[in-house]
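First the structure, in the form of structure tokens, and then the observations on it.
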Amino acid sequence: MAAQQKEMSFLGHLEELRWHLVRSAVVVIILAVGFFVYSEQVYDYFLLAHIQSDFITYQVFCDFFNFFGLDSDFCHVSFSDKKLQSIEVTSQLMNSLWSSIILGVIVAFPYLLWEIWRFVSPGLTEKEIKSSRGFIFIASLLFFIGVWFSFYVIAPISVHFLYNFQISDNIVNSFTLQSHISLVTNLLIGVSIIFELPVVIYFLTKIGLLTPQFLRKYRKHSLVVVLIVAAIITPPDIASQIIVTIPIMILYEIGILVSLRVIKNQEKNAQKSSRV
């Protein structure tokens, strides 16, 4: 009888998980449909914004270098002769569908976290729930900061570098729509996930896998790892890798402070429990 109750409990959890996934999928699909309906605006003002010579980041970088009396390629950005190719019959349709889904997931990120939280929270104690308040807000804030940083800093630098990189005058750059959209969306998702580093450190510290001492001891090693990750998610230019590495290392230092606070709170709770 006990085994049957346990089995039913397990099946009940599976059923609950299924409905969380269904609701998450519905929200993503609704958002994706919206993006697909307005595909032209989404592409012109967002996904293809970086091949516009008047994109705000290029102007800001140009003004920055001019302030110091330096000339910059960002003052002479031109994509007038760079047209993306659609070389397959279904290329534009499929690209629009997948891009809409990806953007739907990005915009729905806070809701997806909320569904995860609703599924996990019943198994947590009241203390754990109280200590984890603000998780959805903080994780979503870090995620969208990553989206903003990727869209306005990493993506334009990467696009400018790759579109102008040329080994020889005998080679003509003629990019496809798929390659451009893949670059932009991969940067958006990759950088945004990396910006969740403090949240990851928080939970790893909570379960005892990380400590502030460990994070401080392996700070130099983490820098190497971050450089490798930056090299993977960004184009092969040093500027982009450094620009990605700097905020990640800042987040790493914030993660050390977060880990330290978690340990202190655990020690306080342990002292209170021993007194009782």
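Computation of the quantities below employed the complete heavy-atom set of this structure, encompassing side-chain atoms and omitting hydrogens, waters and symmetry-equivalent molecules. These figures come from a predicted structure and were not determined experimentally.
Between Ile102 and Leu188 the shortest side-chain heavy-atom distance does not fall below 4.5 Å. Considering only heavy atoms from C-beta on, Ile189 comes within 4.5 Å of Ile106 through its side chain. The side-chain heavy atoms of Phe61 and Val77, taken from C-beta on, include no pair separated by under 4.5 Å. Between Phe214 and Leu204 there is no side-chain heavy-atom pair separated by less than 4.5 Å. Contact of the Thr185 side chain with the Trp98 side chain is not registered, since no non-hydrogen atoms from C-beta on lie closer than 4.5 Å. Residues Thr245 and Leu223 have side chains in contact (heavy-atom distance under 4.5 Å, counting atoms from C-beta outward). Residues Arg23 and Trp19 are in side-chain contact: their nearest non-hydrogen atoms beyond the backbone lie under 4.5 Å apart.
A donor-acceptor pair is defined here as one N or O able to donate and one able to accept, closer than 3.5 Å; no such pair exists between the side chain of Thr57 and the backbone of Val153. A distance-only check finds no donor-acceptor pair linking the side chain of Ser168 to the backbone of Ile171 [under 3.5 Å]. Remark: side-chain polar atoms of Asn173 are paired, donor with acceptor, to backbone N or O of Phe165 under 3.5 angstrom. With hydrogens and angles disregarded, a donor-acceptor distance shorter than 3.5 Å links the side chain of Asn186 to the backbone of Ser182. Checking side-chain atoms of Glu196 against main-chain N and O of Leu142 turns up no donor-acceptor pair under 3.5 Å. Between the side chain of Thr90 and the backbone N or O of Leu93 there is no donor-acceptor pair closer than 3.5 Å. Distance alone, capped at 3.5 Å, is enough to place a donor-acceptor pair between the Ser24 side chain and the His20 backbone. Between the side chain of Ser259 and the backbone N or O of Thr205 there is no donor-acceptor pair closer than 3.5 Å. Counting only distance, with no hydrogens or angles, the side chain of Ser99 and the backbone of Asn95 share a donor-acceptor pair below 3.5 Å. Under a 3.5 Å cut-off, the side chain of Ser100 and the backbone N or O of Ser96 do form a donor-acceptor pair.
Following chains of ILVMFWY side-chain contacts shorter than 4.5 Å, one cannot reach Val107 starting from Tyr38, and the two form parts of different hydrophobic clusters. Taking hydrophobic clusters as Ile, Leu, Val, Met, Phe, Trp and Tyr residues chained together by side-chain heavy-atom distances below 4.5 Å, Trp148 shares a cluster with Ile254. Linking ILVMFWY side-chain heavy atoms closer than 4.5 Å, directly or via other members, places Ile154 and Ile193 in a single hydrophobic cluster. Taking hydrophobic clusters as Ile, Leu, Val, Met, Phe, Trp and Tyr residues chained together by side-chain heavy-atom distances below 4.5 Å, Ile51 shares a cluster with Ile56. Neither Leu112 nor Val26 shares a network with the other; the hydrophobic side chains, linked directly or stepwise wherever heavy atoms of I, L, V, M, F, W or Y lie under 4.5 Å apart, form separate groups for each.
Think of Val172 as one node in a network of Ile, Leu, Val, Met, Phe, Trp and Tyr side chains linked at under 4.5 Å; it has no links at all.
For the residue pair Leu113 and Ala139, the shortest heavy atom distance occurs at CD1-CB, 3.5 Å. Closest heavy-atom contact between Gly146 and Ser192: C-OG, 3.4 Å. Summarising the geometry of Leu251 relative to Leu197, their closest heavy-atom pair is C-CD2, 4.3 Å, with the distance given to 0.1 Å. The two residues Pro212 and Ile256 make their nearest non-hydrogen contact at CB-O, 4.4 Å. Contact detail for Leu260 and Arg216: the closest heavy-atom pair is CD2-NH2, 3.9 Å. Nearest heavy-atom pair across Pro198 and Val258 is O-CG1, 4.2 Å.
Salt bridge status for Glu16 with Arg118: absent, with no side-chain N to carboxylate O gap under 4.0 Å.
Going from atom CG of Leu84 over to atom CD of Gln178 covers 11.0 Å, rounded to the nearest 0.5 Å. Taking CG of Asp44 as the start and CD of Gln52 as the end, the distance is 7.5 Å to the nearest 0.5 Å. Once rounded to the nearest 0.5 Å, the distance linking OG of Ser158 with CG of Leu187 reads 5.0 Å. Put simply, CG on Leu17 and CD1 on Ile116 are 10.0 Å apart, with the number rounded to the nearest 0.5 Å. Note that the CZ atom of Phe79 and the CG atom of Leu48 stand 11.5 Å from one another [nearest 0.5 Å]. One distance of note links CD1 of Ile181 with CD of Gln92; it measures 10.5 Å at 0.5 Å rounding.
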Subject >> Derivation and outcome, side chain to side chain donor-acceptor pair (under 3.5 Å), residues Ser174 and Gln85 >> reply: CA-CA 7 Å; Ser174 185; Gln85 296 185 69; 2.3 Å; yes

Original post:
What's the verdict on side-chain contact (heavy atoms from CB on, under 4.5 Å) for Phe109 and Val147, showing C-alpha distance, side-chain angles and the deciding distance?
Top reply: CA-CA 11 Å; Phe109 185 76; Val147 171; over 6 Å; no

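Counting heavy-atom neighbours within 6.0 Å of Ile207 CD1, excluding the residue itself, gives a total above 12. Atom CG of Leu257 is surrounded by more than 12 heavy atoms from other residues, nucleotides or ligands within 6.0 Å. Atom CD of Glu40 is surrounded by 12 or fewer heavy atoms from other residues, nucleotides or ligands within 6.0 Å.
Two rings, from Phe74 and Phe55, have their centers 6.0 Å or more apart. Between His50 and Tyr58, the distance separating the two ring centers is not shorter than 6.0 angstrom.
Using bins of under 30°, 30° to 60° and over 60° for the plane-to-plane angle, the ring pair Phe64/Phe68 lands in the perpendicular bin. Using cut-offs of 30° and 60° for the angle between ring planes, the Tyr111 and Trp114 rings count as tilted.
Sorted by first and then second residue, the ring pair (Phe, Tyr, Trp, His ring centres under 6.0 Å) pairs with a member in residues 176-196 read Phe149-Phe195, Tyr163-His180; sequence neighbours excluded.
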